[in-house]
Amino acid sequence: MKIAKVVVDVPASQTDKIFDYIIPEHLDSYIEVGMRVIVPFGPRTIMGYIIGMSDESNVKKLKPIKDLMDISPVLTPELIELGKWVADYTLSFYISAFQAMLPQALKATYHKSIERLADQFEDDQLNKLFDGRDEIDTQELLDVGFDMNRIKKAEDLGELKIVYHVGRKETYKKVSMIKRQMTEVEIDQYRAELSNRAKKRKEIVDYVAQLDEPITFKQLLNEMHTTRQTVQPLIQDGVVNIFEQEIYRNPNGNKQFEKTFPLPLADQQKQALTPIVDDLNRQRNNVYVLHGVTGSGKTEVYLQSIERAMQLGKEAIVLVPEISLTPQMVNRFKGRFGDEVAVMHSALSKGERFDEWRKVQNQEVKVVVGARSAIFAPFQNIGLIIIDEEHESSYKQEDHPRYHVKDVAIKRAETHMCPVILGSATPTLETYARAQKNVYQLLEMPDRMNQASMPEIHIADMREELHAGNRSMFSTMLVDKIRERIDRGEQVVLFLNRRGYSTFVMCRDCGEVKTCPHCAISLTYHQKHHLLKCHYCQHQEKMPSECPSCQSDSIRYFGTGTQKVEQAIEAVIPEAKVIRMDVDTTRRKGAHEKLLAQFQNKQANILLGTQMIAKGLDFPDVTLVGVLAADSLLNLPDFRSSERTFQLLTQVSGRAGRHELKGEVVIQTYSPEHYSIEYAKQYDYSGFFKKEMSLRKAFQYPPYFFMTLITVSHENPIRAEEVTRVITQLLEKHLSENSKLLGPTPSPLEKIKDRYRFQCMIKYKYEPEQKQVLKRILSYYEPMIQKEGLQIQIDLQPYQLM
DNA sequence: AGCACGCCGACT
DNA sequence: GTCGGCGTGCTC
């Protein structure tokens with residue numbers, strides 16, 4: 001008997017195993033490993049993934065698979081193995097790993113309904129409810145507040161049964177096509193028989209007579225300047241045939257990408273490319289760290305490596321941090337490789353994303369450019385994986401499965417025996433340290449292209465500004481330099497780090513700060529609706545007119561949001577034209593690209609924005625970059641805050657003077673003596689690296705130690721702390737002596753959505769038993785997780801310590 | 001997760 | 001006596 005091994009769509013620890021099902025004969029010739037199936041599960045019917053087949057099973061009573069959901073597998077054998085590996089290394093459920101690898105559109109939907117079996121119900125209210133129908137969705141019963149127990153009774157009487165439906169979300173876009181149906185001879189005859197008055201129809205007949213390929217109905221109507229009605233008789237008479245054809249949704253509209261060709265390479269680019277090409281030719285698996293300053297031409301190296309991979313008949317995956325934010329990057333890939341590229345933004349709709357994914361599944365493209373999840377593209381012959389801006393924190397998934405894209409990339413590259421390129425101007429310490437130890441291969445590109453020099457960085461000490469009586473958010477230096485650019489017709493980018501510097505509300509009399517009652521973080525003031533909002537939950541409230549604590553009316557909002565900066569610029573420099581880019585102005589689809597285009601066309605002289613303008617942008621006339629609050633990142637409770645600050649400053653500075661015009665950077669800060677600011681000013685990556693490494697060593701942080709963060713949350717703070725303490729003690733007992741345990745301590749975000757959070761941290765060098773110990777602890781707490789709403793998060797190598 | 005089964009107190 | 005509350009255990 002043929003048995004299918006199935007992972008069912010129930011994300012729970014008790015169902016996190018493989019279930020066996022009989023493959024019924026009628027499905028036997030269609031079924032393949034990697035397909036989604038519909039299976040009975042207890043009283044229910046649910047979706048599952050076939051992850052293997054077998055001839056035997058240890059289970060006595062097997063049920064048969066109900067149906068297949070796919071014609072061809074959605075998971076390749078490689079991806080199935082990869083999914084298991086991801087689940088294992090992140091301590092997640094198999095099902096969560098598989099779901100994370102596939103587009104959202106492939107998730108199953110469920111609904112329940114009751115089906116009539118008898119003509120009459122004992123319960124007269126049921127007769128009324130059914131009203132002649134044979135099936136009712138249970139949602140309808142819940143809506144009218146019908147008592148489910150009466151359904152139970154009717155079911156026991158055999159009057160009805162409960163049916164479970166598995167639905168699908170994926171949809172396929174279709175378009176009407178027109179095809180010539182008659183032979184030319186037949187058409188000639190048909191035409192001759194038409195009345196002389198049917199002028200338009202003859203025209204159309206002539207047009208379709210010369211059609212060899214099907215065209216869209218719409219195109220026919222456009223070219224003939226006619227309407228549906230005119231074509232209808234031709235369809236009826238069988239001159240042409242109308243049929244529906246499936247097409248891919250096109251997220252780019254009708255945008256044409258200008259074809260580009262490989263550029264001549266500078267020496268440093270050649271030196272970087274050579275070993276990669278060599279590996280491609282010999283199918284060697286290496287990890288390269290491409291350390292290139294901003295503007296050094298990393299992208300061209302990527303493009304030419306990919307080209308070589310394609311020449312060898314292989315595929316490439318390119319990961320970019322947040323692709324919708326860098327349309328320029330998409331343009332470069334589409335421009336070079338055209339239709340061979342699938343693009344997976346986060347800004348795409350579910351359907352568009354699904355279609356891009358299917359281009360890969362159907363082997364119609366050779367290259368994927370996308371954000372994190374694109375690492376799971378179902379390619380079967382990968383020749384190269386590139387991670388651009390490898391230091392970006394968005395490469396770490398922050399919910400289950402908590403994978404880091406670098407780990408997955410390296411794993412896939414090992415399977416496919418291909419190189420990986422980790423590109424960055426500011427590699428993470430972990431990555432660069434491995435390159436120095438020759439675990440990874442280091443490729444350095446220290447020079448900017450076209451002999452462009454790095455912009456000069458000036459530090460504006462905001463303490464001095466304050467002492468000198470300047471209470472505004474701009475230093476005198478920055479204002480002067482902005483004026484200069486505007487006079488010269490050049491452009492300015494102003495960068496504001498939103499995190500930690502957004503508008504919070506404080507009472508000037510008593511110092512009271514308005515915080516979220518559920519999350520214990522300061523509320524943010526939103527001017528538009530005069531509301532205070534929480535960043536973590538949905539909480540919002542009205543801006544108070546007096547201080548809730550001391551009733552003073554001097555309660556004001558402090559800090560700076562982009563809106564406020566915009567107003568301030570306009571006050572100081574009235575002639576400035578500002579484009580503001582933040583979450584608010586870029587929410588609408590395509591808004592991002594539109595704003596950038598406006599800036600490109602010089603409809604404004606200042607681009608003001610948050611994180612999203614820090615990377616990838618390249619405008620020839622930008623000669624000044626201002627960082628308004630450099631230290632806002634520096635003060636976050638995270639051991640990576642210095643590294644993040646250095647990365648950010650370097651990244652932002654790279655936006656200025658990339659072309660003929662020389663650039664300048666002004667960094668405003670209250671702590672100009674901090675080493676991450678000083679080294680950023682000098683463009684001294686290796687200096688920063690050494691300094692930061694020595695601190696990491698002293699305080700036993702990565703890359704010298706590995707870390708595991710365990711966060712426990714509960715409604716009751718005492719319970720949360722108690723569980724955290726017990727877990728810490730258990731770990732203390734079962735882990736080796738060399739490992740350091742920190743905690744229990746309150747999390748940096750002590751309270752989120754009415755849950756109190758405590759954490760404990762493991763720092764270790766070598767701890768082969770750790771995962772097993774953690775698994776045991778998790779299973780010990782399983783009952784409490786289910787019953788009393790306890791939550792335990794385990795993050796191996798965390799990126800965010802909050 | 002969801003569902004059934006089973007055991008207890010509160011009610012016609 | 002029965003209804004309905006929730007704790008317990010299972011799903012191939």
Side-chain angles (χ1 to χ4, degrees), chain A residues 1-25 27-28 31 33-69 80 84 87 91-100 104 106-115 122-123 125 137-139 141-142 145-158 160-167 169 399-401 715 778-793:
Chain A
M1 195 172 11
K2 285 194 86 180
I3 307 294
K5 306 272 171 192
V6 176
V7 170
V8 294
D9 182 16
V10 183
S13 58
Q14 288 166 313
T15 49
D16 187 34
K17 52 182 180 177
I18 295 158
F19 290 84
D20 293 355
Y21 285 90
I22 295 167
I23 300 173
E25 230 166 88
L27 298 178
D28 191 40
I31 200 161
V33 170
M35 286 179 172
R36 293 175 300 159
V37 285
I38 297 173
V39 290
F41 196 65
R44 299 183 282 162
T45 303
I46 57 172
M47 188 273 281
Y49 296 102
I50 307 185
I51 62 152
M53 294 204 210
S54 162
D55 292 326
E56 48 186 8
S57 169
N58 298 325
V59 184
K60 291 273 148 51
K61 276 194 289 176
L62 292 182
K63 291 183 182 176
I65 288 173
K66 281 216 163 129
D67 209 350
L68 305 179
M69 286 188 84
I80 292 173
K84 289 194 210 163
L91 297 172
S92 306
F93 307 133
Y94 287 145
I95 190 68
S96 314
F98 290 134
Q99 305 275 41
Q104 279 289 310
L106 289 175
K107 268 190 100 172
T109 59
Y110 298 102
H111 66 273
K112 217 170 43 167
S113 63
I114 49 175
E115 206 179 287
E122 196 107 306
D123 189 332
Q125 218 180 323
D137 203 295
T138 44
Q139 190 57 49
L141 298 178
L142 293 174
F146 197 85
D147 186 358
M148 283 309 280
N149 288 308
R150 293 163 74 176
I151 302 290
K152 271 272 139 58
K153 264 193 197 144
E155 192 190 10
D156 291 343
L157 289 169
L160 54 77
K161 67 171 178 185
I162 299 174
V163 255
Y164 297 86
H165 302 271
V166 179
K169 274 197 221 144
D399 47 58
H400 277 137
E715 291 172 333
L778 271 185
S779 63
Y780 170 73
Y781 278 104
E782 190 57 42
M784 292 160 247
I785 291 171
Q786 286 192 357
K787 262 173 255 138
E788 51 165 313
L790 179 73
Q791 275 179 23
I792 302 177
Q793 281 177 9

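To find a chain, count down the sequence lines: A is the first, B the second, and so on, and within it residues start at 1.
- Summarising the geometry, the separation between CE on A:Met47 and P on B:dA1 is reported as 16 Å, rounded to the nearest angstrom.
- Taking 4.5 Å as the limit, every side-chain heavy atom of A:Ile23 sits out of range of all side-chain heavy atoms of A:Ile3.
- A:Lys61 comes within 4.0 angstrom of sugar-phosphate atoms only, judged by non-hydrogen atoms across all strands, and of no base.
- Taking A:Ser57 as the reference, A:Asp20 meet the side chain to side chain donor-acceptor pair (under 3.5 Å) condition, with sequence neighbours excluded.
- In this structure, A:Glu782 places its CD atom 13 Å from P of C:dG9, rounding to the nearest Å.
- In this structure, A:Phe19 forms no aromatic stack with the base of C:dC12, since the conditions of centre separation below 5.5 Å and plane angle below 30° are not both met.
- In this structure, A:Lys17 places its NZ atom 10 Å from P of C:dC12, rounding to the nearest Å.
- Taking A:Lys84 as the reference, A:Glu81 meet the side chain to side chain donor-acceptor pair (under 3.5 Å) condition, with sequence neighbours excluded.
- Salt bridge annotation for A:Asp55-A:Lys2: absent, with no cationic side-chain nitrogen under 4.0 angstrom from a carboxylate oxygen.
- Side-chain atoms of A:Val10 and A:Ile95, non-hydrogen and from C-beta on, never get closer than 4.5 Å to each other.
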Between the protein and nucleotides 3-5 of chain C, list the N/O to N/O atom pairs that are separated by less than 3.5 angstrom.
none

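- One can place OH of A:Tyr110 at 10 Å from C1' of B:dA1, the figure rounded to the nearest angstrom.
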Under 3.5 Å, which protein N or O atoms sit close to an N or O of nucleotides 2-7 of chain B? Give each pair with its distance.
unit_1 : atom_1 : unit_2   : atom_2 : d
B:dG2  : O4'    : A:Arg44  : NH1    : 3.4
B:dA4  : OP2    : A:Lys152 : NZ     : 3.2

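- In this structure the side chain of A:Ile792 reaches within 4.5 angstrom of the side chain of A:Leu790, judged on heavy atoms.
- The distance between atom CD of A:Gln99 and atom C1' of B:dA1, rounded to the nearest whole Å, is 13 Å.
- Nucleic acid contact class of A:Tyr21 (heavy atoms, under 4.0 Å, all strands): sugar-phosphate only.
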I'd like a table of donor-acceptor pairs (distance under 3.5 Å, sequence neighbours excluded) in which one partner is a side-chain atom from residues 41-50 of chain A, with atom names and distances.
unit_1  : atom_1 : unit_2  : atom_2 : d
A:Thr45 : OG1    : A:Lys66 : NZ     : 3.1
A:Tyr49 : OH     : A:Gln99 : OE1    : 2.8

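- The side-chain contact (heavy atoms from CB on, under 4.5 Å) test applied to A:Glu715 returns no partner, not counting sequence neighbours.
- Taking atom NZ of residue A:Lys66 and atom P of nucleotide C:dC12, one finds them 10 Å apart after rounding to whole Å.
- A:Ile51 has its CD1 atom 16 Å from the P atom of C:dC12, to the nearest Å.
- Between A:Val163 and A:His165 there is a side-chain heavy-atom pair separated by less than 4.5 Å.
- Atom C1' of nucleotide B:dA1 and atom CZ of A:Phe41 are separated by 9 Å, given to the nearest angstrom.
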